[in-house]
Q: 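Handing you this structure, nothing more for now.
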Amino acid sequence: MPTTDPELMSERTHLDESRAALRRMRDHTESLAFTGENTAYAGDHVSTQYLLQTLYRRMKSLQDDPTVPLFFGRLDYDNSLGAERTETHYIGRRHVTGETGGEPMVIDWRAPMSLPFYRASPGNPMAVRQRRRFGFAHGEMTAYEDEDLTSTSGDHASEILEGEIERPRTGPMRDIVATIQPEQDLIVRVDLGQSVCVQGAPGTGKTAVGLHRAAYLLYAFRDQLSRSGVLVIGPNDNFLSYIGDVLPALGEIDARADTVDTLVSRSTGLTVSGVDSSPVAVLKGDVRMAAVLRNAVWGDAREPTEPLVVPRGSRQWRVGAYLAAETISELRERGVRYDAGREMLPQRLAHQVLLRMEAAGDSPDDRVQNAVARSAPVKKYAKELWPPLDPAKLLLRLFSDRPFLAQCAEGILNSDEQDLLLPAKPARSVKSAQWTFADVVLADEIADLLSRTPSLGHVIIDEAQDLSAMQLRAVGRRASTGSVTLLGDLAQATTPWATTSWADSLSHLGKPDAHLEELVAGFRVPGAVIDYAARLLPHIAPGLTPPHSVRRSRGELTMIMSGTERWASAVGTAMESEGTIGMIVPDAQVAQARTALEEAGLTYELLGTAEDLHFDTRLDLVPASLAKGLEFDHVVLVEPAGIVDGEPDRVTGLRRLYVCLTRAVTSLVVLHSDPMPPELD
């Protein structure tokens, strides 16, 4: 489109004016926080700090990146189609108001007025006469494209939309607000009170949907979630680094991001330093362990055999053992946490003493009851019946004391399973123990049995198919009073304890009524690649609907039979094209790949070697075990058979291969010296 087009020039002017308005909004917020030498003040120190923090977050949300379009679409509402009035609205990443009158120059994509941009169609225009999309290059508006929503004929395919979806990427993951599809938008805007499970095939945008759902909820339910919080859980730190820029780009900086292992490690104070064998890890992740731990916790609450005797003044007051037993039973039947019961027991026992005082003619009040509850005899008696517990110490005892484990696991685990949980050389102390990830999850379960885990307003869990039942319980208790968005793909399950049923996973999360959605339309993985990878589905997830690509470009798929001598040249060829390159190799061959790349003088970043990756190189060397959740414009995949053989069983190996095959956005080159897995024939 020529740059002299008056319509394009007019739209560029509006873009410039909108950026100037956003800058004024940020300057105004900054002036509220810092005026000369005086900062904002709100009456007292605590309120002032809260105000400054609020203003700081507001300033961060108004930051502008000149390389990112401030708006990407326009809606022309028409009152003859049912709109309140005929007007034009620009749709962008955040709300921008004009200098005078407060008229919106850009409407936030999450606002109700923006909904037709994603869902209107020629058969359902939603009061919009025309939808306009804008094309950009390096932040500069280059084109626009109009769709007449009152027309029911013609080809409505959008070249700008397709170009944006297929555009080569550099750096970390970015937002998809300009390309959200109707089926994705339906999930993004589900009400906060409803939990959602998304079964999403590769390239369907399930991760982006989850992140944009977080941004939508923070916008639509800001007051509620500013108090209760939003948490995004990913499979590993590399993945969190990859998605880390999406929410800030949408003006949201309040959502936390974590992995399950760091979440439970922080909660328990335990550091993962050991590794379980697969059978042991699978057993420790089994939901039956919850019952074993419950027995371990409550097994220490003892039945009273002696009466409570409380001296007070010249008299002694006795509470029979049977009454103390009834008091304990009543507390347990109420379903209180262990520590809460411990705190309540002295008061309940003191109440029994007061009843005897009243029967003898005394008139004790609450102060007397509190004094009795704090007295040494009551405190000692209560502690003997309901002793304090420490999660790590209790777990250590469970896994080192065979009779105690047998008592707690009776009728739950058989003797062979109990043997699996008992190490050959038990640790002598909490500090000397080599805690595994599964152990820390179990300690977190015990901690929740002792004291309720605080709940967040919403939790988003990505790659959830790889979580064990006990890991899902750990996540679920952090959303016990909130809702969840569960994201994953059963075909990409690659852990020995992975789920085979979303219904089971939702039950472990405590959200059995969550709404299940399936995404099968691939927007990022090209057709040639997804069709080839889908040959594995009958062997790894036969119950799933095969995915399909909606892109008109089929992409490139090349198979080359070759050894290590071609690895670097294949990568070099891929680097001649625009975009990011991922060289995915079996974990066992990472060293060979590094040698090949370094001898060829190619600069790369090795995933898994740094806690905070910036994805600022074009070429990433990716161990197959870390490929999940990532995408690259071009992928060079080495030795598929080696990827399969690197897993403990063939089905898991084929699922790992399915993950690796579907990381490409534009082209996939497969290099192999060994025969290809026959399941791909």
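FYI, the numbering just counts along the sequence from 1.
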Q: Tell me, please, which residues at least two apart from Glu87 pass side-chain contact (heavy atoms from CB on, under 4.5 Å).
A: Tyr77, Arg85, His89, Met113
Q: Can you tell me how far CG of Leu218 sits from OG of Ser226, rounded to the nearest 0.5 angstrom?
A: 9.0 Å
Q: Answer with yes or no whether the side chains of His634 and Thr666 bring together a donor and an acceptor at under 3.5 Å.
A: no
Q: To the nearest 0.5 Å, what is the distance between CG on Leu536 and CG on Leu661?
A: 6.5 Å
Q: Could you go step by step and tell me if Asp76 and Arg74 meet the salt bridge (charged side-chain N to carboxylate O under 4.0 Å, His left out) rule?
A: CA-CA 7 Å; Asp76 295 343; Arg74 194 183 91 177; 2.9 Å; yes
Q: Say whether Thr262 and Thr259, considering side chains only, have a donor N or O and an acceptor N or O under 3.5 Å apart.
A: yes
Q: Quick one, Thr485 with His458, criterion side chain to side chain donor-acceptor pair (under 3.5 Å). Give me CA distance, side-chain angles, the key distance, then yes/no.
A: CA-CA 8 Å; Thr485 298; His458 193 76; 2.8 Å; yes
Q: Could you tell me if the side chain of Leu486 sits less than 4.5 Å from the side chain of Leu506, heavy atoms only?
A: yes
Q: Would a line drawn from the ring center of Phe117 to the ring center of Phe72 be shorter than 6.0 Å?
A: yes
Q: Tell me, do Leu161 and Thr179 make a side-chain contact under 4.5 Å, heavy atoms counted?
A: yes
Q: State, yes or no, whether a side-chain contact exists between Asp185 and Leu115 at a heavy-atom distance under 4.5 Å.
A: yes
Q: Hey, what do you get for OG (Ser549) to CG (Asp531), rounding to the nearest 0.5 Å?
A: 8.0 Å
Q: For the CZ atom of Arg473 and the OG1 atom of Thr453, what is their distance to the nearest 0.5 Å?
A: 10.5 Å
Q: Taking the side chain as every heavy atom from C-beta outward, state whether Ile233 and Val459 have any pair of such atoms under 4.5 Å apart.
A: yes
Q: In sequence, state the C-alpha distance, the side-chain angles, and the governing distance for Val196 and Arg213, and then conclude on side-chain contact (heavy atoms from CB on, under 4.5 Å).
A: CA-CA 10 Å; Val196 182; Arg213 175 156 170 70; 4.2 Å; yes
Q: Measure across Ala533 and Tyr658 and return the closest heavy-atom pair with its distance rounded to 0.1 Å.
A: O-CD1, 3.4 Å
Q: Under a 3.5 Å threshold, yes or no: a donor from one side chain and an acceptor from the other, between Gln199 and Asp489?
A: yes
Q: Using the rule given for salt bridge (charged side-chain N to carboxylate O under 4.0 Å, His left out), can you reason through Glu183 versus Lys206, listing the C-alpha separation, both sets of side-chain angles and the distance that settles it, and then say yes or no?
A: CA-CA 11 Å; Glu183 61 269 32; Lys206 58 183 177 295; over 6 Å; no
Q: Salt bridge or not for Arg93 and Glu252, using N-O below 4.0 Å?
A: no
Q: To the closest 0.5 Å, what do you measure between CD1 (Ile180) and OH (Tyr216)?
A: 11.5 Å
Q: Take Asp148 and Arg131 through the test salt bridge (charged side-chain N to carboxylate O under 4.0 Å, His left out) and record every step on the way to the result.
A: CA-CA 7 Å; Asp148 183 0; Arg131 173 168 51 204; over 6 Å; no
Q: Assess, by modelled atom type and distance only, whether the side chains of Thr97 and Glu103 contain a donor and an acceptor separated by less than 3.5 Å.
A: no
Q: Side chain to side chain donor-acceptor pair (under 3.5 Å) between Gln194 and Ser483: does it pass, once the steps are laid out?
A: CA-CA 6 Å; Gln194 175 69 59; Ser483 55; over 6 Å; no
Q: Do the side chains of Arg256 and Val230 get nearer than 4.5 Å, heavy atoms only?
A: no
Q: What's the separation between atom OG1 in Thr494 and atom CG in Asp466, rounded to the nearest 0.5 Å?
A: 4.0 Å
Q: Which atoms form the tightest heavy-atom contact between Ala201 and Pro547, and what is the distance?
A: CB-CB, 3.4 Å
Q: What's the verdict on side-chain contact (heavy atoms from CB on, under 4.5 Å) for Asp513 and Lys511, showing C-alpha distance, side-chain angles and the deciding distance?
A: CA-CA 5 Å; Asp513 298 328; Lys511 307 295 180 184; over 6 Å; no
Q: Partners of Arg132 by side-chain hydrogen bond (donor to acceptor under 3.5 Å, both in side chains), sequence neighbours excluded?
A: Glu7, Glu11, Asp146
Q: Mind checking whether Arg655 and Gln492 have side chains closer than 4.5 Å, heavy atoms only?
A: no
Q: Applying ring-ring contact (aromatic ring centres under 6.0 Å, His included), can you list everything that pairs with Tyr90, at least two apart in sequence or on another chain?
A: His14, Phe71
Q: Would one find more than 12 heavy atoms of other residues, nucleotides or ligands at under 6.0 Å from atom CZ of Arg222?
A: yes
Q: Does either side chain, that of Ser505 or that of Thr499, offer a donor lying less than 3.5 Å from an acceptor on the other one?
A: yes
Q: Step by step, would you call Phe134 with Leu8 a side-chain contact (heavy atoms from CB on, under 4.5 Å)?
A: CA-CA 10 Å; Phe134 297 103; Leu8 180 61; 5.9 Å; no
Q: Heavy-atom distance under 4.5 Å between the side chains of Thr204 and Gln184, does that happen here?
A: no
Q: With Leu231, which of Val484, Leu263, Ile461, Val475 fulfils side-chain contact (heavy atoms from CB on, under 4.5 Å)?
A: Leu263
Q: Taking the side chain as everything from C-beta on, heavy atoms only, tell me whether Val525 gets closer than 4.5 Å to Val665.
A: no
Q: Go through the steps for Arg133 and Glu164 under the test side-chain contact (heavy atoms from CB on, under 4.5 Å), then give the verdict.
A: CA-CA 11 Å; Arg133 299 182 188 274; Glu164 176 66 16; over 6 Å; no
